[in-house]
Structures are given as C-alpha cells and as structure tokens.
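A note on names: the letters A, B, ... follow the listed sequences, proteins ahead of strands, and every chain is numbered from 1.
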There are 4 protein chains.
Amino acid sequence: MNVKVDPSSKIPLYQQLTQQLLLEIATGNLQNGDQLPSIRDLAGQTNLNLHTVHKSYKELQKRGIIAIKPHSKAFVIIEKSSKVKKANLQQISMKIEQIMVEANVLGISEHLLQQMFHENLRNYYTES
Amino acid sequence: MNVKVDPSSKIPLYQQLTQQLLLEIATGNLQNGDQLPSIRDLAGQTNLNLHTVHKSYKELQKRGIIAIKPHSKAFVIIEKSSKVKKANLQQISMKIEQIMVEANVLGISEHLLQQMFHENLRNYYTES
Amino acid sequence: MNVKVDPSSKIPLYQQLTQQLLLEIATGNLQNGDQLPSIRDLAGQTNLNLHTVHKSYKELQKRGIIAIKPHSKAFVIIEKSSKVKKANLQQISMKIEQIMVEANVLGISEHLLQQMFHENLRNYYTES
Amino acid sequence: MNVKVDPSSKIPLYQQLTQQLLLEIATGNLQNGDQLPSIRDLAGQTNLNLHTVHKSYKELQKRGIIAIKPHSKAFVIIEKSSKVKKANLQQISMKIEQIMVEANVLGISEHLLQQMFHENLRNYYTES
DNA sequence: GTGGTCTAGACCACA
DNA sequence: GTGGTCTAGACCACG
C-alpha cells in the first residue's frame, strides 16, 4: 500500500484518498477479498483525520467496491474497476484549457507555454 | 458582452465570472483599453450580487489583467509591464504544476497528460 | 503654475490639488491678490473633472486662503501659509513605520531596507 | 493577543486589523508557526463582522505572511520561500515609492523625507 | 467546529 | 453615478 494525498491541493482530502484506494484496486495491489487497513492505521499512515478516512470508506462502500463489516473490518468485494477516470479527464482538460485562455490573455506565446509545460513535467516526474 | 454563469455549478460564481471575462478578452470581445461595465451594471445583467461581481473584478485586478480606478467610472486595460509579466509567468507555472499533482492523484499517466495537453494546445491555437 | 496630481495615488485628487495650490502660494508663485486660473482652465491643464477643481477651490475658500467672486474669479487673499504640513508629516511618518513593521516581519534587514530606501529616493528625485 | 481597532478612524477596519496582526508578529507575540485565532473567534473578540476579519486574513495570506488551510482549523506561519521574498521586496519597494509620491505632493523636501526615514529607522531598531 | 461563498441592504467619499 | 467598506444572516463542504 502506497497512498499519498496532497493537503495543499484544492481537491478534498477524502476524494483524493478515495481515488488512491481505487488505484490500488485497479493496479491489483488490492485484490478481491483482501482486507483494507483499519481506519486508524490508514489515518496514521496518511496523517489524515479519522473522519476523513471513514468518509472515504463509506464512499467506496456506497459504490459497492468494498464491504464494511462489524469492528470496522473492510474487504474488497469487486474486481478491478477502471471507470475511475472519465469525468476526471474532462476536468483536467478543462483546467488545461483555462490555463491556455489565461496565457493567451497575458500574451504568452504558444511556444513558451509549451516550453513551460514540458519543464514542469520534467521536474515533476523526475523528483517524485 | 455575453457573460453567463451557472448558479447550480459547484464552481464559485465569482470564479465562473472571472473565467467568462477572461474569455471575452481572449476572444477579442474586450480589447486592451476597453472599458468594462460598471460593477452594478454587470451585477444587474448577470443577476449576481454586487459583491460577487466586485470579487471577480478584484481577482482580475490582482492578476494584472484589468485596472480599477476608484470613482473613475471606468476600469480596464491589460497591463503589460515586464514586472507584471514575470509574476504572471510564475502563476501560470504554478497552475501547471497543480494540474500535474491532480492528474497524478487521479492516476493519469505522464504520457496521457502530455497527450491531453498537446491536443488542447492544437485545438486552441487552430480555432482562434 | 506647475500643478500635477497623481491619479493612481490613494490620496483623493481634490486633496492633492489643494495641497499643490497651497504649495504654489507657499513658494510665492501665487501671491496675495493674484488671480487663480479659472476652474475650466485648471481642469483642462490637469485633466481633472470640473467638480474636482471646484471642490479644491471651495476647500481653499473655506480655509480663508482664497476668495471666490462672481463669475468664478478667484483671488488669493492671504499671505504665505506654512501650516500645511504638521498633520501630514505625522501621516507620512506612520506610513514609514508601517513599512518597517512589514519589512521586519518579512525578515528584511535594517541595512537592506535602508538600501532600498535610498535607491528609490535616488530614482525618484533624479527622474522627476 | 491584544488587538484593537478604532471604528471611528477613517482607515478601513480590515486594514487596521491587518496592521495590528502584523504588529503582533513583529513584536513576537505571534511567532512563526503559531496558530491564529479562528476567524469567528477574532471577530467575536474585536466586535467585527466575520467578513471583515476574513478580509484581513486573506490580505495577510496574499502578502505571504500567513497560510490558510481551509477547514483545517489552523492557519498561520510565515512563509520564507525565496520566491515569496522577491515578490515581497518588490511590494515594499513600491510602498516606499508611494510614500515618495505622497511626500512630494505634500511639499515635503527630499532632505526632510530622508531625515524622517532615518529617525524612524533609529527608533524602530533601538526599541525592539 | 472550520473557512468559503453568496445575498441583501446600508453608508461613505469621490467625480 | 462610481467603487469601497461594513454588517447581518445564511448555506455549503470539509474535518
């Protein structure tokens, strides 16, 4: 398990966590029947509030991905799910477009914007 | 001027308005030097509260896109001092970075993100 | 007559103008008995609204510095006045102190602040 | 914490509050890393409206003096990234320039201004 | 509980 | 008429 959330992001923590857990399932790190870490454990690992982790679990339960049993034992009850992204891709795409509008207004050339993007991309994916 | 906001959206109204105004500028409907409608007028047109519109204008002012001269009916004009531009470049760069963090959390691969960026870029600069 | 106002300043235009006129009197450019320019003329020279200039003249009249006769002819009726500044000096002094507080909070050293001040001073008084 | 505002002053309440908070930091009452009171608490203490306090906090955030983490009860801490510092230096420099413009309009000589600056500097750095 | 947003209505100084 | 500020009261999502 390797879940990380970015507290400075505008995306709600519980949503980030939910996505991360879905990823774990999608990648096979968590398989059908596996037990999820306890809420306390996961809260400890991620430095998140108990409520926040609880909310994520409830969310996954509502979507029928996991089952929560007494004593807060949670199990994966579904096979790989890959319907995670569609709406999210649109969101990201919209944000990219907004940046272009803004860059254009500020007189930033297409070339410069492209350059900035790649520079950021390089920095981001080499340091993480 | 043809600005519309969606009150049922989750995106704050003042941010929607800000984006709309940026679009007006990007498309050339509002040109450098043009006057924006008064806060009251725009509030009337859009059925928004004075404060909401005011917040948008302040936002654009903060970004160096428009200039607000108190009492002097008009406010407008894109600033183009080199100082301003540097700060804006940093802002744009930060936004790009934010997108990467988000994309990463959502499980979007580096490659896919790059693809999306170029697609947007192509669409944006060929249609305008 | 050499009156200038700074439209981007936070100080109200009519107050700036009033101060400028007081300066003209203080320096002897305008002497007791001299006629002030007409409101229209002065408004033209300074690119100010008629109302704004009018307000300045009224202000000076209220202080007993000038007399306004029919047809808007205005005359200086008082000798040099030097009581312009006292309150203003305090204001400036307060603002200087505020800058120091802020600089201190930001961890700017006394030396650096001093350096910045002198640099600004040099720039300002050589270009104007 | 001992913040007071003067409702009868011409200076906007939120600016007074901002200055007070800066003073708290400058004097060491609030140290780097400390938590500020919640917006609601401070509004209660000072008999100000939520929005007024909120505006102050946002102002300080904009200047990079405090950090606001939504919902995460606390906000605080002085940022010290080098990027931030550069922007702040520019801001300070701009404020110094503004003072010069004002002083000039008010008829304060270069020499007198310099004198006032050094007097303030001496007072400030010997008493603290 | 927190901060963030929105509305409604008011007053001010300035132009 | 303008923008700027302030208050009062409301709702929201998040933690």
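Which of E:dG4, F:dG3, E:dT7 sits closest to the side chain of D:Pro70 comes down to E:dG4.
We find the CG-CD distance between B:Asn2 and B:Gln45 to be 9.5 Å, quoted to the nearest 0.5 Å.
If you check distances only, the side chain of D:His51 does reach the base of F:dG9 with a donor-acceptor pair under 3.5 Å. In this model, a side-chain donor or acceptor of B:Arg40 finds a partner on the base of F:dG3 within 3.5 Å.
In this structure, B:Lys10 does not reach the F:dC12 phosphate: none of its side-chain N or O atoms is under 4.0 Å from OP1 or OP2. OP1 or OP2 of E:dG3 has not a single side-chain nitrogen or oxygen of D:Tyr57 nearer than 4.0 Å. One finds no side-chain N or O of C:Tyr14 lying less than 4.0 angstrom from the OP1 or OP2 phosphate oxygen of E:dA15. In this model, the phosphate group of F:dG4 is approached by a side-chain N or O of B:His54 to a distance below 4.0 Å at OP1 or OP2. An OP1 or OP2 oxygen of F:dC14 is reached within less than 4.0 angstrom by no side-chain nitrogen or oxygen of A:Thr52.
Distance CG (A:Leu13) to C1' (E:dT2): 13 Å, rounded to an integer number of Å. B:His71 has its NE2 atom 6 Å from the C1' atom of E:dA13, to the nearest Å. D:Ile66 has its CD1 atom 10 Å from the P atom of E:dG3, to the nearest Å. In this structure, A:Ile11 places its CD1 atom 12 Å from P of F:dG15, rounding to the nearest Å. When rounded to the nearest whole Å, the span between CD1 of D:Ile39 and P of F:dT7 equals 14 Å. In this structure, C:Asn49 places its CG atom 12 Å from C1' of F:dG1, rounding to the nearest Å. D:Glu59 places its CD atom 13 Å from the C1' atom of F:dT5, with the value rounded to the nearest Å. In this structure, the CD atom of B:Gln35 is 10 Å from the P atom of F:dG3, given to the nearest Å.
Using a 4.0 Å heavy-atom criterion, one finds that C:Leu48 contacts no nucleic acid atom at all. D:Lys55 comes within 4.0 angstrom of the backbone, heavy atoms only, and of no base.
Heavy-atom distances to DNA chain F give each of D:Asn47 and B:Pro37 a nearest nucleotide, and the one nearer the 5′ end belongs to B:Pro37. Between D:Leu50 and C:Gln15, the residue whose closest nucleotide on DNA chain E is further toward the 5' end is D:Leu50.
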Q: Give the intermediate values and the outcome of salt bridge (Lys or Arg N to Asp or Glu O under 4.0 Å) for residues D:Glu59 and D:Lys55.
A: CA-CA 6 Å; D:Glu59 178 76 17; D:Lys55 206 166 182 175; over 6 Å; no
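A donor-acceptor distance shorter than 3.5 angstrom exists from the side chain of C:Thr18 to the backbone of C:Tyr14, with no hydrogens or angles considered. Looking at B:Gln16, its side chain does come within 3.5 Å of a backbone N or O of B:Ile11 through a donor-acceptor pair.
Considering all non-hydrogen atoms of both residues, D:Leu30 and D:Gln35 come closest at CD2-O, 4.2 Å. Residues C:Leu50 and C:Ala43 share a closest heavy-atom pair of CD2-CB, 3.7 Å.
Base pairing of E:dC12 is made with F:dG3, judged by Watson-Crick or G-U wobble geometry with both donor-acceptor distances under 3.5 Å.
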